[in-house]
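Structure, as structure tokens:
What you are looking at is a predicted structure, and each value in this text was computed from that prediction instead of being measured.
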Amino acid sequence: MNYWLMKSEPDVFSIDDLKAAPRRTTAWDGVRNYQARNFMRDGMKRGDQVFFYHSNCDVPGIYGIGRISAEAYPDETAFQRGHDHYDPKSRRDAPTWYVVDVTFVRKFARAVSLETLKQHHADLPEMLILRRGNRLSVTPISEHEWQFINALT
DNA sequence: GCCAACGTTGGC
DNA sequence: GCCAACGTTGGC
């Protein structure tokens, strides 16, 4: 099993929205970065666990956990003319962009804020989210990082 | 709202 | 292939 971190702006889609979604599951659409897509399409397997990160908000950080409930399939929003995420270069016979399904597992009693993660930088030296200027919305998480951060909650 | 960092685009 | 211009991300 692998571990991941996925960012979402809570004003757009929060962990509470995931919990409230039908079957507590959503298609993680709108990823339009090749590196992030490759992690989703080539790396994510059913059962992988995911830190749900809130970005662009008052207290950025990890708010809970989800799991991958369906492996990659084409992102329908890329085919929809007029959609915010429409991309004419993605075609049904040769999709450029993919989604995975993410299912709610639990919300942390207390979020692990970015500030807290930074305070533990020495214990999380490889963590991509702590790298200066890193904007990737999907990043791998090591077993050590997964255990360490869970122990903070 | 600001702005640094980054990815993409397109002219050459 | 280079690189300036541009758009986006996301912390602050």
Counting heavy atoms from C-beta on, name the nucleotide in [options] closest to the side chain of [X].
| X | options | result |
| --- | --- | --- |
| Arg135(A) | dG7(B), dT9(B), dG11(C) | dG7(B) |
| Ser55(A) | dC6(B), dG10(C), dC12(C) | dG10(C) |
| Tyr34(A) | dG10(C), dT8(B), dC12(C) | dT8(B) |

Spacing of [X] atom [atom1] relative to [N] atom [atom2], expressed in whole Å:
| X | N | atom1 | atom2 | answer |
| --- | --- | --- | --- | --- |
| Asn33(A) | dG10(C) | CG | C1' | 14 Å |
| Leu130(A) | dG10(C) | CG | C1' | 14 Å |
| Asn56(A) | dG1(B) | CG | C1' | 12 Å |
| Leu117(A) | dC12(C) | CG | P | 11 Å |
| Asp87(A) | dG7(C) | CG | P | 17 Å |
| Lys118(A) | dG11(C) | NZ | P | 8 Å |
| Asp84(A) | dT9(C) | CG | P | 11 Å |
| Ile62(A) | dG10(C) | CD1 | P | 14 Å |

If I compare all heavy atoms of Thr96(A) with all of Lys89(A), which pair ends up nearest, and what's the gap?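 Shortest heavy-atom separation between Thr96(A) and Lys89(A) comes out as OG1-O, 3.3 Å.
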
Nearest atoms (heavy-atom pairs only) where Arg67(A) meets Val105(A):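 The answer is N-CG2, 3.7 Å.
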
Would one find a side-chain N or O of Tyr53(A) under 4.0 angstrom from OP1 or OP2 of dG11(C)?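 Looking at the OP1 and OP2 atoms of dG11(C), one of them is under 4.0 Å from a side-chain N or O of Tyr53(A).
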
Any side-chain N or O of Lys7(A) below 4.0 angstrom from OP1/OP2 of dT9(C)? no

First of Gly133(A) and Lys89(A) reached from the 5' end of DNA chain B, by closest nucleotide: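 It is Gly133(A), whose closest nucleotide lies nearer the 5' terminus.
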
Can you see whether Ser14(A) engages Asp17(A) through a side-chain donor-acceptor pair at a distance of less than 3.5 angstrom? yes

For atom CD of Glu115(A), decide whether the heavy atoms of other residues, nucleotides or ligands shown that lie under 6.0 angstrom number more than 12.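 Count not over threshold, so no.
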
Just say parallel, tilted or perpendicular for the rings of His54(A) and Phe52(A), cut-offs at 30° and 60°. perpendicular

